[in-house]
Amino acid sequence: MHSITLIIPVFNEGAVLDQHLPVIFAQLETIHNITFKVLVIDDGSTDNTVSTLRSLCKQYPNLHFRNLTRNFGKEAAIQAGLAQVSTETEAVIVMDSDLQHPPQLIPQMIQLWQQGIPVVEAYKMSRGQESSTSRFLAHTFYHLFDSLAGMNIKNHSDFKLLDKKVVAAYCALPERKRFFRGIIPWLGFTSAQIPFTVPERPHGATAWSYLRLIKLSLTAITSFSSAPLHLITLLGLTSLLISLIFGTLALYQKFTGVAINGFTTVILLISLIGSLLMIALGIMGVYIAHIYEEVKQRPSYLIDWEKSDDNG
Ligand code: UDP
Ligand code: MG
């Protein structure tokens, strides 16, 4: 009998969890010969998520949950879940609680895993209903990530089945700030892809603001690529070329005795160099912030053991 753990990060889903989780459990009940455990990681919810989870636990004996002390973000919640089960399960499935990761895909994922594939990834065939701004931002991000990190993860999702060896490798990585969707392919285990169409969220609303998505994109790019740093060199060379042209022109005009409007040239040069320096400093700042976060070596989550259910 195989054992699989579902890891579900939740944040302020109290009002809708008792409608979403039963759908997931109903799907699990159709799968035989496998014992399931569902581990919900409450990412510091401030609503009634914990009390909803407690009452759901009475109904579903294989449901367990851990509470992070505050909202650390979905990436940290996934990491907490994986670290919790890494030694006791044969495989994990990471999925959202809001049914936007269709539970109907689980049997197919398990089937592929049983055929010996350690990573089964569900990818978004269509991104479902979303605003044109989110679509544009997502497209820009994936394009940048592909060209800077050399990794095409367009339309990948966090809905993945991972064999225990993949979980162990993921947990053994020393870095703290993580981009789950990028690290799993980076680990390099054999993977299979299952396409799915993102359904509408049946209840509740997304907790991600554009600002949080942009922050996640910056973490993703700066943890996977140092190409923006090399860009500074490129910008420096370009500005040198421009200065040379300007300089030659100024010298030529001086020697031929043509009266030049010196101020214009000076102002142009100052603004050009000034803006280049600003861009360069901005990019370096992103990396320095990243180094800073890593150097601090703070754990990226803490579990509140008193609040968590700890009998499973
Ligand atoms: N989530 C989380 N921590 C957060 C934000 C979200 O654990 O800080 C959970 C959320 O409860 C849900 C999943 O991550 O189970 C996906 O979130 P959501 O549906 O809001 O995002 P989207 O579908 O827009 O990507
Ligand atoms: Mg969602």
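Order of listing sets the numbers, starting from 1, for every ligand and every atom in it. None of these values were measured; they are calculated from a predicted model.
- With hydrophobic clusters built from ILVMFWY side chains whose heavy atoms lie under 4.5 angstrom apart, Leu137 does not share a cluster with Leu218.
- Residues Ser45 and Asp42 bring a donor and an acceptor atom of their side chains to less than 3.5 Å of each other.
- Of the protein's non-hydrogen atoms, Lys74 CD, 3.4 Å is the one closest to atom 14 (O) of ligand 1.
- In summary, the atoms of ligand 1 found under 4.0 Å from a heavy atom of Asp98, numbered by their order in the structure, are 19 (O), 23 (O).
- The closest side-chain donor-acceptor pair between Ser131 and Ser134 falls under 3.5 angstrom.
- Between Phe72 and Phe11, a ring centre-to-centre spacing not shorter than 6.0 Å is recorded.
- Two rings, from Phe224 and Phe145, have their centers less than 6.0 Å apart.
- For atom 8 (O) of ligand 1, the nearest non-hydrogen atom of the protein is Arg212 NH2, 2.9 Å.
- Using modelled atom types, no side-chain atom of Asp158 and backbone atom of Val94 make a donor-acceptor pair closer than 3.5 Å.
- Ranking protein heavy atoms by distance to atom 1 (N) of ligand 1, first place goes to Phe11 CB, 3.8 Å.
- Using a cutoff of 4.0 Å between basic side-chain nitrogens and carboxylate oxygens, Glu121 and Arg181 are not scored as salt-bridged.
- Nearest non-hydrogen protein atom to atom 7 (O) of ligand 1 is Pro9 CB, 3.4 Å.
- A salt bridge does not link Lys165 with Glu90: none of the charged nitrogens is closer than 4.0 Å to a carboxylate oxygen.
- By the criterion of a separation under 2.8 Å, the protein N/O/S atoms near the Mg ion (ligand 2) amount to Asp98 OD2, Gln100 OE1.
- When hydrogens are left out, the protein atom nearest atom 17 (O) of ligand 1 is Trp208 NE1, 3.5 Å; that is the closest non-hydrogen contact.
- Close approach of ligand 1 to Asp43 is summarised as follows: ligand atoms under 4.0 Å from at least one heavy atom of the residue are 2 (C), 3 (N), 4 (C), 7 (O), 8 (O).
- Counting atoms of ligand 1 from 1 in the listed order, those under 4.0 Å from a heavy atom of Glu13 are 10 (C), 11 (O), 12 (C), 15 (O).
- Contact of the Gln84 side chain with the Ile303 side chain is registered, since non-hydrogen atoms from C-beta on lie closer than 4.5 Å.
- In this structure, the protein non-hydrogen atom closest to atom 16 (C) of ligand 1 is Asp96 OD2, 3.1 Å.
- Residue Ala207 approaches ligand 1 through these ligand atoms, each under 4.0 Å from one of its heavy atoms: 20 (O).
- Seen from the ring of Tyr170, Arg178 counts as a face-on cation partner, given the 6.0 Å and 45° thresholds.
- With contacts defined as side-chain heavy-atom distances shorter than 4.5 Å, the pair Trp113/Leu162 does not qualify.
- Taking the six-membered ring for Trp and thresholds of 30 and 60 degrees, Tyr60 and Phe25 have nearly parallel ring planes, at less than 30 degrees apart.
- Those atoms of ligand 1 that come under 4.0 Å of a heavy atom in Thr206, given as number and element, are 18 (P), 20 (O), 21 (O), 22 (P), 24 (O).
- Counting atoms of ligand 1 from 1 in the listed order, those under 4.0 Å from a heavy atom of Gln100 are 19 (O), 23 (O).
- Looking at Lys74 and Asp96, a side-chain N of the basic residue comes within less than 4.0 Å of a carboxylate O on the acidic one, giving a salt bridge.
- Of the heavy atoms in Asn12, none comes closer than 4.0 Å to ligand 1.
- Ligand-side atoms of ligand 1 in range of Arg201: 18 (P), 19 (O), 20 (O), range being under 4.0 angstrom from any heavy atom.
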